[in-house]
Structure formats: C-alpha cells, structure tokens
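Note that these values count all heavy atoms, side chains included, but never hydrogens, waters or copies made by symmetry.
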Amino acid sequence: MSAADTTTPVKVPPPRQAPPSPADEPPRANRPSGGTAVPWLLLAPCLLILALVMGYPLARLVTLSFQKFGQSQLWGFQPAESVGFDNFAKVLGDGEFWTVVVRTIVFAAGAVVFTMVIGMAIALLLQRVSGWLKVLINIVLVASWGMPVIVATTVFKWLFDSDYGVFNALLSKLPGVEMIGHNWFASGPEGLAVIMLLVVWGAVPFVVITLSAGLTQVPKELEEAARLDGAGSWGVFRYVTLPVLKPIIVMLTTLSVIWDMGVFPQVFVMRNGHPEPEFQVLNTYSYDRAFVVNDYAQGSAIALITVLLLLGVVAVYMRQMLKIGEVE
C-alpha cells in the first residue's frame with residue numbers, strides 16, 4: 001500500500017457565489033405609507049396646545065413691540081401705529097434699563113452659583129448617610145420644592161420682618177450682635193440677598209434630586225481605581241465624578257439661569273406689588289412699563305429683549321450638549 005492510499009483526502013469548500021443583484025431580488029411587500037406620519041399625529045395635540053398657549057402670545061408680543069400702543073389704543077380710541085424700532089431705541093438708550101440688566105445678570109449669576117454649589121454638596125452628603133435618613137431628607141426636599149411660590153415668599157417675609165422676624169431674633173442672640181428692628185429691605189443689596197436666598201431655597205431640591213440620581217451612575221470601579229492610584233476625595237470628585245455628571249450639570253445650570261433670569265413673583269410679592277427702583281429686575285421692569293406707566297409697547301420691547309437674552313443662553317446650552325455628544 002502506497003502513501004497516497006493512506007492519506008485522508010482533503011475536502012475542498014465549494015466556491016462562493018456572488019450575492020444576487022438588486023434586479024434579481026424578489027419584490028418586497030409595499031410598506032404602509034403612513035408609517036412616518038404616525039409620530040406627527042401623536043404629537044399633534046401637544047404641538048397644537050403649545051401653539052395656542054405660547055405661539056399666539058409670543059406673536060402678539062412681537063407685534064406690540066413694533067407699535068405705539070398705550071391706553072388710547074387699548075380702549076380703541078386710537079388705532080395702533082407702527083413705529084418700527086423706535087421702542088427698542090428708547091429702551092436701549094435708557095440708562096435705567098442697562099442698570100436693570102446688570103442687576104438681573106448679577107442676581108441670576110449669584111443664585112445659580114449658590115444653587116449648584118449647595119445642591120452638589122447636599123447630593124454628595126446624601127451618598128454617605130443611612131437609608132432612612134436619606135428617605136427623610138428626600139421627603140423634606142420634595143415638600144419644600146412643592147411649596148407654592150407665594151406661600152414660600154410669605155414665609156420669608158415673616159422670617160426677615162424687621163419687628164417680628166425670627167432671623168433677626170436668632171442673630172441677636174449672638175454675643176455683641178443687635179439686629180432687632182433691622183430692616184433688610186432698607187437697601188437694595190440686602191433686600192436682593194434675601195430674595196436670592198428665597199430663590200436658592202426653592203431651586204436646591206430639584207438640583208439635589210437630579211444630581212443624586214446622576215451620582216448613582218458613577219462607576220464605583222473608577223472611584224476605587226482612582227483611590228488606589230493615590231487620589232484623594234477631591235481628586236476622585238474632580239477626575240471621576242465631575243466628568244460623569246457634566247451633562248447633568250450643564251443642563252441644571254442652563255435651566256437655573258433661565259429660571260433665575262425670569263424671576264418675578266418673588267420680587268413682586270416681597271415688595272408688596274410695588275418694587276422700588278433698586279429692586280427692579282427685567283421681568284418686574286417690563287411689568288411696570290406696561291401696567292404702571294401704561295406703555296404696553298415699551299413693556300413688550302423689554303420682554304422681547306429678555307426672550308432674546310434667554311435664547312442666547314439656550315444656544316450656549318445646545319452647543320455644550322453637542323460638544324459632549326461628539327466626545328462620547
């Protein structure tokens with residue numbers, strides 16, 4: 001027997017066949033033509049409500065800002081006249097308006113910084129407490145967050161009352177401090193600080209709850225690896241926790257800027273419906289121009305400028321989110 005007879009024959013795989021061309025494929029069943037229209041049909045009620053609730057007021061706001069519209073036009077004694085950009089020229093040329101803009105930006109920036117810092121600190125502390133205490137703190141946060149703004153403002157008015165305020169009474173118990181009878185609203189900076197504290201108190205619960213949910217997504221393995229590499233608590237927070245929470249922090253910061261730039265009831269109610277010039281922010285300033293001075297066109301112009309400023313904040317937010325998406 002030769003070696004050729006004892007050798008196992010090698011199996012040769014069959015040659016591959018080229019995939020059939022599109023012309024050779026059997027025709028597919030026609031898909032229903034309404035498949036792409038279903039999402040729009042489902043969104044139609046929501047879009048209609050938004051168009052009615054927000055679209056018409058915004059369109060009316062833009063129209064009024066380019067007209068001469070006062071009490072005579074409101075009651076129909078005179079027709080509304082188109083004045084072009086005169087209302088915007090008057091507003092932008094008014095030094096008081098720019099003072100209000102700077103005050104609003106400083107107020108919003110301070111409120112946002114304190115809200116984010118305090119919210120982050122409380123969220124981090126919640127990760128270190130026991131389960132029952134965490135539940136209790138969350139209940140308190142939700143209760144304070146759900147409190148109506150008017151009720152919270154009334155409570156703060158009582159806390160900082162010059163004669164019966166609890167805050168003045170507590171400060172007066174400190175050695176060498178006498179705050180009984182001190183009026184926090186006698187000056188603009190002190191009064192705005194109280195209003196800022198009210199805004200921060202109402203905004204912190206949402207930030208804490210959102211950041212607490214984000215902290216549960218931070219990988220524990222990365223934190224342990226960072227500690228093994230010699231990183232301290234600050235190093236773990238800076239190089240591990242913050243990068244994971246960055247999208248949430250950007251979102252919360254943007255929302256806080258929008259909300260704090262649009263503050264109205266806190267200032268309006270705290271000053272009994274008549275904010276003094278040193279307490280005016282953009283929304284109350286626009287309200288005074290429209291309903292106190294009865295210049296609805298100029299009030300609309302101020303409101304439209306405020307909307308444009310907030311759209312700039314939204315544009316920055318969208319740019320940051322797109323950058324985060326590209327990195328991921």
As an exercise, state the distance from [atom1] of [X] to [atom2] of [Y], rounded to the nearest 0.5 Å.
| X | Y | atom1 | atom2 | result |
| --- | --- | --- | --- | --- |
| D161 | N183 | CG | CG | 8.5 Å |
| L125 | L133 | CG | CG | 10.5 Å |
| L92 | F85 | CG | CZ | 11.0 Å |
| K220 | T216 | NZ | OG1 | 8.5 Å |
| L304 | L308 | CG | CG | 5.0 Å |
| E224 | D229 | CD | CG | 12.0 Å |

Identify the heavy atoms of [X] and [Y] that sit nearest to each other, and give their distance.
| X | Y | result |
| --- | --- | --- |
| T115 | A203 | CG2-CB, 3.8 Å |
| G119 | V204 | CA-CG1, 4.4 Å |
| L198 | T153 | CD2-OG1, 3.5 Å |
| V208 | A123 | O-CB, 4.0 Å |
| S300 | L64 | OG-CB, 3.4 Å |
| A111 | D260 | CB-OD2, 3.4 Å |

field: CA sep, side-chain torsions, deciding dist, call: T284, F264, side-chain contact (heavy atoms from CB on, under 4.5 Å)
entry: CA-CA 6 Å; T284 58; F264 178 82; 3.7 Å; yes
Answer whether the closest heavy-atom distance between the side chains of [X] and [Y] falls below 4.5 Å.
| X | Y | value |
| --- | --- | --- |
| F97 | I305 | yes |
| W40 | L47 | yes |
| M120 | F237 | yes |
| T306 | N283 | yes |
| L242 | I249 | yes |
| H182 | E190 | yes |
| K157 | N272 | yes |
| V199 | F107 | yes |

Treating Ile, Leu, Val, Met, Phe, Trp and Tyr as nodes and any side-chain heavy-atom pair under 4.5 angstrom as an edge, say whether [X] and [Y] lie in one connected cluster.
| X | Y | answer |
| --- | --- | --- |
| V207 | V313 | yes |
| L136 | V129 | yes |
| W145 | V155 | no |
| M196 | I258 | no |
| V151 | V149 | no |

Given 3.5 Å as the limit, does a donor-acceptor pair link the side chain of [X] with the main chain of [Y], or not?
| X | Y | value |
| --- | --- | --- |
| S286 | G299 | yes |
| S172 | M179 | yes |
| N87 | S65 | yes |
| Q280 | Y285 | yes |
| Q217 | G214 | no |
| T253 | V250 | no |
| T104 | L282 | yes |
| W158 | G165 | no |

- prompt: Is the count of non-hydrogen atoms from other residues, nucleotides or ligands lying under 6.0 Å from F88 atom CZ greater than 12?
  reply: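 Counting neighbours around CZ of F88, more than 12 heavy atoms of other residues, nucleotides or ligands fall under 6.0 Å, so yes.
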task: May I ask you to check whether over 12 heavy atoms, not counting those of K134, lie within 6.0 Å of atom NZ?
output: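 Atom NZ in K134 is crowded, with more than 12 foreign heavy atoms closer than 6.0 Å.
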- prompt: When you measure from the centre of the six-membered ring of F69, is the NZ or CZ of R60 under 6.0 Å away and within 45° of the axis?
  reply: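 Yes, a cation-pi geometry holds between R60 and F69.
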According to the interplanar angle, ranging from 0 to 90°, do the rings of [X] and [Y] count as parallel (below 30°), tilted (30 to 60°) or perpendicular (above 60°)?
| X | Y | result |
| --- | --- | --- |
| F160 | F156 | parallel |
| F185 | F279 | tilted |
| Y287 | F268 | perpendicular |

query: Given D94 and V91, is the side-chain contact (heavy atoms from CB on, under 4.5 Å) satisfied, shown in steps?
result: CA-CA 5 Å; D94 187 3; V91 170; 5.9 Å; no
- request: Compute the centroid of each ring, for W259 and then for F206, and state whether the two points are separated by less than 6.0 Å.
  value: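 When the ring centroids of W259 and F206 are compared, they turn out to be within the sub-6.0 Å range.
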query: Side-chain donor-acceptor pair under 3.5 Å between W184 and N168, yes or no?
result: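 N168 and W184 do have a side-chain donor-acceptor pair below 3.5 Å.
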message: Does this structure show an ion pair linking R289 with E96, if we count only N-O contacts that are shorter than 4.0 Å?
response: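 Salt bridge: yes.
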message: Working note: V267 + M270, criterion side-chain contact (heavy atoms from CB on, under 4.5 Å); need CA distance, chi angles, decisive distance, verdict.
response: CA-CA 5 Å; V267 180; M270 193 73 79; 5.9 Å; no
- prompt: Under the criterion side chain to side chain contact (heavy atoms under 4.5 Å, CB included), which of N138, L211, I209, L215 is the partner of L126?
  reply: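 Checked N138, L211, I209, L215 against L126; only one passes side chain to side chain contact (heavy atoms under 4.5 Å, CB included): N138.
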- prompt: Stepwise, does the side-chain contact (heavy atoms from CB on, under 4.5 Å) test hold for T63 with Q67?
  reply: CA-CA 7 Å; T63 303; Q67 292 179 340; 3.5 Å; yes
